[in-house]
Number of protein chains: 2
Amino acid sequence: MPRPRSLTARHLATAALTVIDRDGLAGLSMRAVATELGIATMSLYRYVPDREALERQVVDLVLDGVDTAPPAGQPWQRQLAGLLERVRTAVAAHPGAVPLTVTHRHTSEAVRQWSETVLGVLAAAGFTPRRRALALRALLAYLTGALQNEHLAPLAGEATTALAELPPDAYPLLSGTASEAARVPAAEEFRAGLDLLLSGLSAAPR
Amino acid sequence: MPRPRSLTARHLATAALTVIDRDGLAGLSMRAVATELGIATMSLYRYVPDREALERQVVDLVLDGVDTAPPAGQPWQRQLAGLLERVRTAVAAHPGAVPLTVTHRHTSEAVRQWSETVLGVLAAAGFTPRRRALALRALLAYLTGALQNEHLAPLAGEATTALAELPPDAYPLLSGTASEAARVPAAEEFRAGLDLLLSGLSAAPR
DNA sequence: ACCTGAACACCGTTCAAGT
DNA sequence: ACCTGAACACCGTTCAAGT
């Protein structure tokens, strides 16, 4: 069993993401990552101070691939939509890591770059610094919540099915709505909610 | 050390919430809850099958206090705003429990009642079943994400301060916006994002 | 000096021993 | 029959022993 000489925190993150993709977030442990790399558990601590730092590296790895250049030649609402959708696509590739992205996004370099771009689009659209900040926070809130909704209880998933089977006399609207909506694809649902927010931004004072 | 004879799952939830409020979510363990109740750890399993079920009981406890009657005598947008704000208020009283409400809200009876009310307001406003479902999901996404934003990195908190201290040449907008926005109270921020969503709903087809 | 096995202080939960 | 202590299989991390 040959042991690699020099690793980086990024190598650990890649191994951790492999574990998450295979065994889910519950399967992630320092021991599992070490086994994945073929080294002793304690050797991980040469590259990373603790588990939390490793988790942050995983989030950076997931989000580093997101293109943060504003989509050119489109109205600003479409530019924002494109930027949000890129994050959704990157995160959706690793559903097991969703809780980590939510917890650690604040320290992610990739998220900072992305936020800077979003603010640039909002500035070009004429929003004041204060309204830019509020708009960014609202977009981040929706993005965060939508990713979690999608991961924890997809609209077309079992949770909705369970809702559809509720007694209609107790929940006349919820039971009916759930069965009606169970066929909406996740990407369409994400876009529908995002469009509401962007429509609100279009009408808002700048 | 007298031990109580008959407890309920709700008693366990109350003790668990006490632990969370005092020591944070990290301090929550079966042993801590048992100690709080003055019983043996294993006795908990007479009232609850496992830790996850206990967590669900905590979420129900936090959300059971939310009034799910639609605020009367107001336009539907204000009714929705009121319903969202009630949840925010209830959850904000137990910030340590925020991650639990996000994870377990799908199985919460209180959330179902609340969702039924929201759908009723949307139906009265003329939205089709499909558009009601999409609107509810968008509102839940925003609510979920906003609560997490507020708990994990309040706009006026240290995360924003850290952003404000970023090198302005690398993040010209983010650094400036952060210091500008650091004074927005959480309640105002929540309302601002919600207003964007409600404005979008007002303009949306029904 | 570098790497790592054993150990420590936890955790949720099983199970058998106690009443 | 009810309750629960000891034990099991984990976990992140400390620390000293090994090279």
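Side chains included, hydrogens not; waters and symmetry mates left out as well; all remaining heavy atoms used. Not measured: the values here are computed from a predicted model.
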Atom CG of A/Leu37 and atom P of C/dT4 are separated, to the nearest Å, by 12 Å

In Watson-Crick or G-U wobble terms, with both distances under 3.5 Å, the base opposite D/dA7 is C/dT13

Sorted by position of nearest nucleotide on DNA chain D, 5' first, the leading residue of B/Ala40 and A/Met30 is B/Ala40

- So, is A/Ser29 close to the D/dC11 phosphate, meaning a side-chain N or O under 4.0 Å from OP1 or OP2? yes

From CZ of A/Arg51 across to C1' of C/dC11 the rounded distance in Å is 13 Å

Nearest heavy-atom approach of B/Glu189 to A/Arg137 is OE2-NE, 2.8 Å

Taken to the nearest whole Å, CG/A/Leu54 to P/D/dT13 is 10 Å

For D/dT19, the nucleotide meeting Watson-Crick or G-U wobble distances (both under 3.5 Å) is C/dA1

- Message: At less than 4.0 Å, is any side-chain N or O atom of B/Arg46 found next to OP1 or OP2 of D/dC3? Yes or no.
- Response: yes

Separation of D/dT13 atom C1' from A/Asp50 atom CG, nearest Å, is 10 Å

Could you tell me whether a side-chain N or O of A/Ser175 sits under 3.5 Å from a main-chain N or O of A/Pro167, the two making a donor and an acceptor? no

From CG of B/Asp23 across to C1' of C/dC10 the rounded distance in Å is 15 Å

B/Leu44 atom CG is separated from C/dC11 atom C1', nearest whole Å, by 14 Å

Here the distance between atom P of D/dT4 and atom CG of B/Leu7, to the nearest Å, is 10 Å

Checking D/dC3, D/dC11, C/dC11 against the side chain of B/Ser43 (C-beta onward), the nearest is D/dC3

May I ask you to say what A/Arg31 touches in the nucleic acid, namely base, sugar-phosphate or nothing, with a heavy-atom cut-off under 4.0 Å? base

Is the backbone of A/Gln113 close enough, under 3.5 Å, to the side chain of A/Thr117 for a donor and an acceptor to pair up by distance?
yes

To the nearest angstrom, the OH-P distance between B/Tyr45 and D/dC3 comes to 16 Å

* Counting N and O atoms only, with roles assigned by atom type, does the side chain of B/Arg132 sit under 3.5 Å from a partner on the main chain of B/Ala123, one being a donor and the other an acceptor? -> no

Original post:
Hey, does B/Met42 reach any base, or is it just sugar-phosphate, or nothing, if we go heavy atoms under 4.0 Å?
Top reply: base

Contacts satisfying ring-ring contact (aromatic ring centres under 6.0 Å, His included) that involve residues 176-195 of chain A (not counting sequence neighbours) are A/Tyr142-A/Phe190

